[in-house]
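We count residues from 1, following the sequence as given. These numbers come from a predicted model, not from an experiment. One-based numbering, in listed order, for ligands and for the atoms of each.
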Amino acid sequence: MAGGTRLASILLLSVFLFVRAQDDIREPPKILEPQSAKELFYDGNVDVTLPCRASGQPAPLYVWYWNGAPIESTNQAITYDPSNGSLTINGLTTREEGFYNCRAKNTFTNGMSAVAISHKTEVRRARIEPWDKDQDRTKTATEGNYVSIRCSDTLPKYYGPTTFKWYTVEGEDDLIEVEEDDRVFIDNKGTLHFTYVLRTDEQSNRYYSCAMSNVVEGKITLGGRTRLVVQKSDSIAEVKPALQFSTKLAGDGALTFKRNTEGHLECFFSGYVNDPGNEVPTIEWQDNAGNTIVSGTDSYTIESHGRVLKIASLVEADEKPYTCNARNRIGTAEGRMTLNVTSSPIWVKPLQSTTVPQGKDAVFHCEARSAAGEVPPDPPRWFKNGQRLDVSYDPNKFAFANEKRELRVKSAQKNTDIACFQCYVGNSVGEEFSDGCLNVILPIVITTKPPAVQTIEKGDIVNLTVVATADKLYPVAYKWQFNDITYERVSAPPHVIYDVNANLAYINTSDLTDQQMRDIRGVYRCEIYDEFETVLVDVKVRLKGDPVVIPVAEAGSGFWIIGLILGVILIALILIIVCCAVCRRKMQEGDYRVGRKETAAGLDPEKEIKDNEFKDLAKTGYDLTIKKRSAAFGFDTIPIIAEDDNESFGSEYGEEAMAFNEDGSFIGKYSQGKKL
Ligand SMILES: *[C@@H]1O[C@H](CO)[C@@H](O)[C@H](O)[C@H]1NC(C)=O
Ligand SMILES: *[C@@H]1O[C@H](CO)[C@@H](O)[C@H](O)[C@H]1NC(C)=O
Ligand SMILES: *[C@@H]1O[C@H](CO)[C@@H](O)[C@H](O)[C@H]1NC(C)=O
């Protein structure tokens, strides 16, 4: 006996400790920086700092990963501070290049932890790799004709924004840049074009040399050299425009751009007329509807004497045909091309952090699509705190739906289920990543609640004190409703003494007049809410000796009572009929009593069967009646109890509803309120 008591108290204590243990504020990490995937280029030997910042309670600690593996503390070139999240590459060389991402992890008092993962940052040393230069070449042209000089058969690999330039060179270090003008153009493949070449372009003794210029590094790398020989012509013939180069002719790849990047379309025409100032054809761009594109409108920019159309931050709708039209005095020409806007998966619903009250399900979405007209992404891959989730998981806790695009965490518990989830979606163009955490908070629990019905007389105290507890992360707020008026914050219905700090609410009726006494009658509704939940507590106040009034407006409810009574009578009738039927049958099977005795003794199996048959029949009849009864009576009581997931509510309100059966209006209102 004493042992039992001890066990019980230990159990009680552990329940108490369990409740206390998770009473702390818990918030999974949320990565604030970096917010998106990045590609960063740095000059060689600079110190690179990558920040990682996350919120969370308790404050998270950070671990940096480099090309998928945690960075060892023994690594001297790459160091980071686990408590502030900042990573430093001490003097960047090509060795430290790669993909960096950080993980923010916080550990709760119960030892569980949540791990959020950042987007990846690609770090590169901006550079142009050594160039396998072609042999010196010679290009021969006739004055007045179109001529182009290719940059190189093979271009070196390069990292970081890089542009093509052309120089004329003599010796090692005599370089003169070839400037673009209305006659000269460098396309985005590096080729140098002359609309019509002149004798002066020959640049005797000098070579033409293509160069690549790295913007970050601020260095140029020269490619192979070409000697240009221009044969003299007596007079330059007038020619109408002809398309010599366009991004379409440069190959399909040149017309494919990723969404949100800059689209770049080029056309180059030859042509000449002997009209000083207008020798070169003019170029105009049109969209697929035949509208002329004006530079500076929408996201369009036209550059390089009309040869380049740039479209800032491409959207899928930019995937359409474009036309460049060239014109001079003696003719026209056109180039057509269709821009292809492609994309790694585009989020429809990325993972989003969510907070649920304990016991509720949490749902995460990972939905993405491909660019219009392209192959849809593969099903997402899921991770929990960085550990693969969709290969083995507890089906009682997690459920996937909609081809893995939805993850449900069932009946989330504060003690075990606070975690971060990651999902990856890929298509032929690339992969996208999304991170979202689940926080679970303690639900609102009413700890103090006044009697639901208070019948009072002058001098009584009407106790309206409602006290609730909830998760400390989201403290609850209270508001009152009385006679269709809502009282927020510190305000309260008339005559109610409301002390928000001491959590007291009551009416002292000692000094109220008779009229005031009549005015305080009614239903006081206390709404207890936080960001995620609302709980209602209703207190009905009536005066002693008040007659029970069924308002005319609520006549419908009165009829409902009559219906209920009729229903009860009907059920009674059915009961009687069933009873009669049972009795009749009993009488017909005269050996019933004997049979039962025999059954009990296990003597007559045949009779046993018959007997069972009979019992089953009687049982169903009985069940049926009960069901009908509860259907009729339960109309008001069932919704109230069923909606109650809070133990402190059930019985009291059930009783109260029965107690107010005569007052249909009140029951109706109350049930409605509970469903909110
Ligand atoms: C655009 O480019 C993507 C990626 O290379 C390719 O899958 C798609 O078929 C292209 N679309 C068109 C219309 O050419
Ligand atoms: C009202 O009731 C609560 C709990 O039922 C009690 O703690 C409180 O002291 C009461 N207040 C008054 C003014 O009677
Ligand atoms: C109610 O009001 C009367 C008269 O003002 C006062 O004597 C009494 O102490 C009050 N009761 C409470 C519980 O405040």
Side-chain angles (χ1 to χ4, degrees), residues 37 39 188-189 246-267 286-289 299 309-324 335-348 368-379 424-432 448-451 454-467 480 490-521 524 526 539 541-544:
E39 198 181 9
N188 65 352
K189 294 274 157 198
S246 80
T247 22
K248 173 160 187 177
L249 301 177
D252 285 343
L255 272 166
T256 298
F257 294 89
K258 284 195 186 164
R259 188 170 156 268
N260 293 335
T261 63
E262 186 185 76
H264 193 110
L265 301 179
E266 294 184 347
C267 281
Q286 286 179 342
D287 64 14
N288 57 330
S299 44
L309 170 65
K310 287 182 177 172
I311 307 170
S313 193
L314 288 168
V315 295
E316 287 160 271
D318 292 323
E319 178 167 310
K320 59 188 177 190
Y322 296 84
T323 316
C324 49
R336 287 167 180 275
M337 59 202 85
T338 299
L339 189 68
N340 180 5
V341 180
T342 190
S343 179
S344 55
I346 301 163
W347 287 115
V348 178
R369 61 178 182 86
S370 290
E374 296 184 11
V375 181
D378 303 328
Y424 293 84
V425 198
N427 66 8
S428 63
V429 181
E431 190 171 63
E432 286 298 326
T448 299
K449 186 170 62 163
Q454 297 181 33
T455 307
I456 52 142
E457 58 190 354
K458 194 170 154 73
D460 285 349
I461 298 286
V462 181
N463 192 342
L464 296 172
T465 296
V466 178
V467 182
W480 286 98
V490 296
S491 62
H495 310 297
V496 174
I497 296 161
Y498 186 35
D499 183 340
V500 180
N501 298 320
N503 251 329
L504 277 178
Y506 62 92
I507 304 172
N508 185 348
T509 62
S510 303
D511 296 334
L512 296 190
T513 64
D514 287 350
Q515 182 56 48
Q516 286 170 331
M517 283 302 286
R518 284 193 290 275
D519 289 347
I520 62 167
R521 293 175 303 180
Y524 293 79
C526 183
V539 177
V541 173
R542 48 188 292 185
L543 300 185
K544 249 177 213 158

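At least one side-chain heavy atom of Leu543 sits under 4.5 Å from a side-chain heavy atom of Met517. Contact annotation: the side chain of Leu339 never approaches that of Glu319 to less than 4.5 Å [non-hydrogen atoms, C-beta and beyond]. At a threshold of 4.5 Å between non-hydrogen side-chain atoms, the residues Ile497 and Asn508 count as touching. No side-chain heavy atom of Thr448 sits under 4.5 Å from any side-chain heavy atom of Val466. Annotation: side chain of Thr465 is not in contact with side chain of Pro450 (no heavy-atom distance under 4.5 Å).
In the vicinity of Asn508, heavy-atom distances shorter than 4.0 Å reach the ligand 3 atoms 1 (C), 2 (O), 3 (C), 8 (C), 10 (C), 11 (N), 12 (C), 14 (O). Less than 4.0 angstrom separates some heavy atom of Asp511 from each of these atoms of ligand 3: 4 (C), 5 (O). Those atoms of ligand 3 with a heavy atom of Ser510 less than 4.0 angstrom away are 1 (C), 2 (O), 3 (C), 4 (C).
Note on Lys310 versus Glu266: no salt bridge recorded, every NZ/NE/NH1/NH2 to OD/OE distance being 4.0 Å or above.
For ligand 1, the 4.0 Å heavy-atom shell takes in Thr256, Asn340, Thr342, Glu374, ordered by chain and residue number.
Glu432 and Ser344 share a donor-acceptor pair across their side chains, judged by distance under 3.5 Å alone.
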Mind running side-chain contact (heavy atoms from CB on, under 4.5 Å) on Val496 and Leu464 for me, showing each step along the way? CA-CA 8 Å; Val496 174; Leu464 296 172; 3.8 Å; yes

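Residue contacts with ligand 3, taken as heavy atom pairs separated by less than 4.0 Å, do not involve Ile497 at all.
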